[in-house]
Protein chains: 2
Amino acid sequence: MTAPTTAPTTDQTTDQTTDLLTIRQMCDAFDVTPRTLRFYEAKELIRPVRDGMKRLYARSDRARLKLILRGKRFGFSLEDIRQTLDLYDRQGSNLAQMERTYALAQDRLAIMEAQRAELDEAIAELQAELRAGAAVIAEVKKAGGAAAA
Amino acid sequence: MTAPTTAPTTDQTTDQTTDLLTIRQMCDAFDVTPRTLRFYEAKELIRPVRDGMKRLYARSDRARLKLILRGKRFGFSLEDIRQTLDLYDRQGSNLAQMERTYALAQDRLAIMEAQRAELDEAIAELQAELRAGAAVIAEVKKAGGAAAA
DNA sequence: CGTTACGCTGACGTCAACGTCAACCCCACT
DNA sequence: AGTGGGGTTGACGTTGACGTCAGCGTAACG
């Protein structure tokens, strides 16, 4: 129980000289505003601890925030993200809950893989279009350079 | 200029028996609402022709709509999409305009490639998490089946 | 010739994801 | 004792992307 083997999830052992960041430090680190962090907290996406009234963000909060921002970049809603975020930390739960979460994560994975496939296709198309565009530009330049209107 | 060699972009030749769809047909085909199509038109993303007052959507409109919806899935704004959409059909333009559009498309491509890299990473992480989750579930099932609390 | 169906045009409503602003608290200086 | 720098909680504003609704046109149907 006390030996951190290979999975340091929510480890208690490493809180030397406070591993906690203030809201401002978080903002600087992740390039977000305080308002955003409070908003995410209101939406129950992160749960910083409190020192009096001040919020303090632990490593797990940073990990969650990283996942949140990534999810956003992929176009998932905050609500979507909140659902699957539970997968990454919530292990203290019953079997049924775990299986539901597992299934949910599988769905997400499928979505992401489909998205990747479509992204590959879109990239290929855009590249082709760029090549064509470059050719046209080159031609116009040659013709235009020789005989301008 | 007149010979369609291998690039059938916006071909005039194929308009047999009206290749035009009504707004409803478009909605059914692309799973969007009429409001959405009118909205896109107001934002100058598509330009259907009119039969009297009714909108009619040609093949080029369908191609554009496909690109629009795809762009949205990747998290681009309609305004972003409108910009780069021009790359795909606009050949009658001056050199400066073409080069701007070209540069814009290159930026887009870079963004999409970065997005793909991050998506790959996210997929890998989620897969790992799923494997771990599956292992935990299996273990719980074995232990729980032998000696329930 | 009424009415039903589809379409059009404003105009206003809504929802997510924050931004902005006011008012307050607390602690540290000086 | 004031003042400055974080931090906090409402509460309202904003922007993008539509939804919704009222009022109208018109073409077809029975």
Side-chain angles (χ1 to χ4, degrees), chain A residues 17-58 61-62 64-86 108 111 115, chain B residues 18-58 61-62 64-86 104 108 111 115:
Chain A
T17 65
T18 61
D19 190 18
L20 303 169
L21 301 187
T22 72
I23 197 170
R24 187 51 54 107
Q25 291 172 319
M26 283 291 278
C27 292
D28 294 348
F30 289 93
D31 193 35
V32 294
T33 70
R35 179 70 180 95
T36 301
L37 292 179
R38 296 191 197 105
F39 183 76
Y40 289 170
E41 185 178 350
K43 291 297 180 104
E44 299 186 19
L45 287 161
I46 39 182
R47 298 183 187 285
V49 299
R50 296 289 181 123
D51 169 25
M53 23 173 48
K54 301 186 176 179
R55 293 165 172 84
L56 290 177
Y57 298 84
D61 294 317
R62 280 169 257 163
R64 288 176 76 90
L65 182 55
K66 187 180 170 188
L67 290 170
I68 293 167
L69 297 177
R70 179 151 72 191
K72 284 204 48 178
R73 259 170 267 139
F74 299 149
F76 292 104
S77 75
L78 291 184
E79 180 54 27
D80 284 346
I81 293 169
R82 196 183 62 78
Q83 306 272 332
T84 50
L85 215 48
D86 296 344
R108 266 278 291 241
I111 292 173
Q115 211 171 81
Chain B
T18 61
D19 190 18
L20 302 169
L21 302 187
T22 72
I23 196 168
R24 188 51 54 110
Q25 292 171 317
M26 283 290 278
C27 293
D28 293 349
F30 289 93
D31 193 35
V32 295
T33 69
R35 179 70 180 95
T36 300
L37 292 179
R38 296 190 198 109
F39 183 75
Y40 289 170
E41 184 178 349
K43 290 295 181 107
E44 299 187 17
L45 288 161
I46 40 182
R47 299 183 187 286
V49 299
R50 298 287 182 126
D51 169 25
M53 29 174 40
K54 301 186 177 178
R55 294 165 173 85
L56 290 177
Y57 297 84
D61 294 318
R62 281 168 258 162
R64 289 177 75 90
L65 183 54
K66 187 180 170 188
L67 289 170
I68 293 167
L69 297 177
R70 179 152 75 189
K72 285 203 49 179
R73 259 170 266 137
F74 297 150
F76 292 105
S77 75
L78 291 184
E79 178 55 27
D80 285 346
I81 293 169
R82 195 185 62 78
Q83 306 273 331
T84 51
L85 215 48
D86 296 344
L104 233 157
R108 270 277 291 240
I111 292 173
Q115 212 171 77

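Predicted model, so just to flag it, every value in this text is computed and none were measured.
- Between A/Leu37 atom CG and C/dA17 atom C1' there is a gap of 13 Å when expressed in whole angstrom units.
- Here A/Thr22 reaches the OP1 or OP2 of D/dG7: one of its side-chain N or O atoms lies under 4.0 Å away.
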Under-3.5 Å N/O pairs linking protein and nucleotides 21-28 of chain C:
none

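- Across all strands, A/Arg38 comes closer than 4.0 Å to base atoms (heavy-atom distances).
- The distance between atom CZ of B/Phe39 and atom C1' of D/dC21, rounded to the nearest whole Å, is 18 Å.
- Remark: P of C/dC8 and CG of B/Asp51 are 10 Å apart, rounded to the nearest angstrom.
- As a whole-Å value, the separation of A/Ile68 CD1 from C/dA16 C1' is 15 Å.
- Taking side-chain N and O atoms only, B/Arg24 has no distance below 4.0 Å to OP1 or OP2 of C/dC8.
- Counting to the nearest Å, the P atom of C/dC18 and the CD1 atom of A/Ile81 are 9 Å from each other.
- Put simply, CG on A/Leu45 is 13 Å from P on C/dA16, counting in whole angstrom units.
- Distance B/Leu78 CG to D/dT15 P: 16 Å, rounded to the nearest Å.
- Remark: B/Arg38 engages no residue in a salt bridge (charged side-chain N to carboxylate O under 4.0 Å, His left out) (not counting sequence neighbours).
- Remark: A/Arg55 is not in phosphate contact with D/dG7, judged by side-chain N or O atoms under 4.0 Å from OP1 or OP2.
- OP1 or OP2 of C/dG19 lies within a sub-4.0 Å distance of a side-chain N or O belonging to A/Thr33.
- Counting to the nearest Å, the C1' atom of C/dG7 and the CZ atom of B/Arg50 are 10 Å from each other.
- At D/dA17, none of the side-chain N or O atoms of B/Tyr40 fall inside 4.0 Å of OP1 or OP2 (strictly under the cut-off).
- For B/Thr36, no side-chain nitrogen or oxygen approaches OP1 or OP2 of D/dA17 to under 4.0 Å.
- Across all strands shown, A/Lys72 has heavy atoms under 4.0 Å from sugar-phosphate atoms exclusively, and none from any base.
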